[in-house]
Amino acid sequence: MDEPTTGIDTTTQHTVLDLIQRLHEELHLTIVLVSHDINLIAPLAERLALLKTRLYALGRPSRSSPRRSWPRCYGPQILTTDTGHVIVADHHHN
């Protein structure tokens, strides 16, 4: 799925993600989902691939290992909160 939650309100984003998660759990489907919103996806993902012209990280989301890769991918302006949320400016044009 290519950015299935882009351009929709927060409530609908969560409804779509709930549906995707139910399809995965009930029908045992493997879901591959592309998103720029790591805060929305990381809590639901079994594995993440962090990409920006190359692979920066691959594996289970955790509080430690992806965080080390995030500044290399998103830039030095990245901030992470104690709860694991990522705050970053849009770096699409770098």
Side-chain angles (χ1 to χ4, degrees):
M1 299 179 166
D2 188 8
E3 302 200 43
T5 58
T6 299
I8 55 178
D9 63 85
T10 303
T11 302
T12 307
Q13 285 180 334
H14 289 283
T15 300
V16 168
L17 291 174
D18 288 344
L19 172 62
I20 292 168
Q21 190 167 18
R22 278 198 333 268
L23 290 171
H24 169 68
E25 292 170 357
E26 294 173 10
L27 300 178
H28 307 288
L29 296 176
T30 297
I31 308 290
V32 177
L33 190 143
V34 175
S35 177
H36 289 94
D37 192 340
I38 197 166
N39 294 319
L40 188 62
I41 300 306
L44 304 174
E46 291 178 12
R47 289 187 295 176
L48 291 174
L50 186 58
L51 303 165
K52 181 182 176 186
T53 66
R54 72 177 193 86
L55 181 64
Y56 284 90
L58 177 65
R60 296 189 180 280
S62 72
R63 292 183 173 263
S64 58
S65 75
R67 277 188 171 182
R68 284 177 280 204
S69 303
W70 291 344
R72 290 189 305 236
C73 182
Y74 289 114
Q77 300 84 0
I78 190 170
L79 299 173
T80 55
T81 67
D82 291 339
T83 59
H85 287 89
V86 177
I87 303 167
V88 62
D90 186 355
H91 285 53
H92 282 73
H93 302 289
N94 288 345

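This one's a predicted model, so the numbers in the text were calculated from it and none came from an experiment.
Expressed to the nearest 0.5 Å, how far CG of Leu19 lies from OG1 of Thr12 amounts to 12.0 Å. Note that the OG1 atom of Thr30 and the NE2 atom of His24 stand 7.5 Å from one another [nearest 0.5 Å]. The distance from the CG atom of Leu55 to the CG atom of Leu50 is 8.0 Å, given to the nearest 0.5 Å.
Counting heavy atoms from C-beta outward, Ile41 and Leu17 have side chains that approach closer than 4.5 Å. Looking at Leu40 and His14, their side chains come closer than 4.5 Å, going by heavy atoms from C-beta outward.
Taking every heavy atom of both residues into account, Leu33 and Pro4 meet most closely at CD1-CG, 3.6 Å. Taking both residues in full, the closest heavy atoms of Leu48 and Ala45 are given as CD2-CB, 3.7 Å, listed atom of the first, atom of the second, then distance. Of all non-hydrogen atoms in Ile31 and Met1, the two that sit nearest each other are CG2-SD, 4.4 Å.
In the hydrophobic clustering of this structure, Leu29 does not group with Val34; members are Ile, Leu, Val, Met, Phe, Trp, Tyr whose side-chain heavy atoms approach within less than 4.5 Å, directly or through other members. Leu44 and Leu58 end up in different hydrophobic clusters when Ile, Leu, Val, Met, Phe, Trp and Tyr side chains are linked at under 4.5 Å. Cluster membership check: Ile20 shares its hydrophobic cluster with Leu27, using side-chain heavy-atom separations under 4.5 Å among Ile, Leu, Val, Met, Phe, Trp and Tyr.
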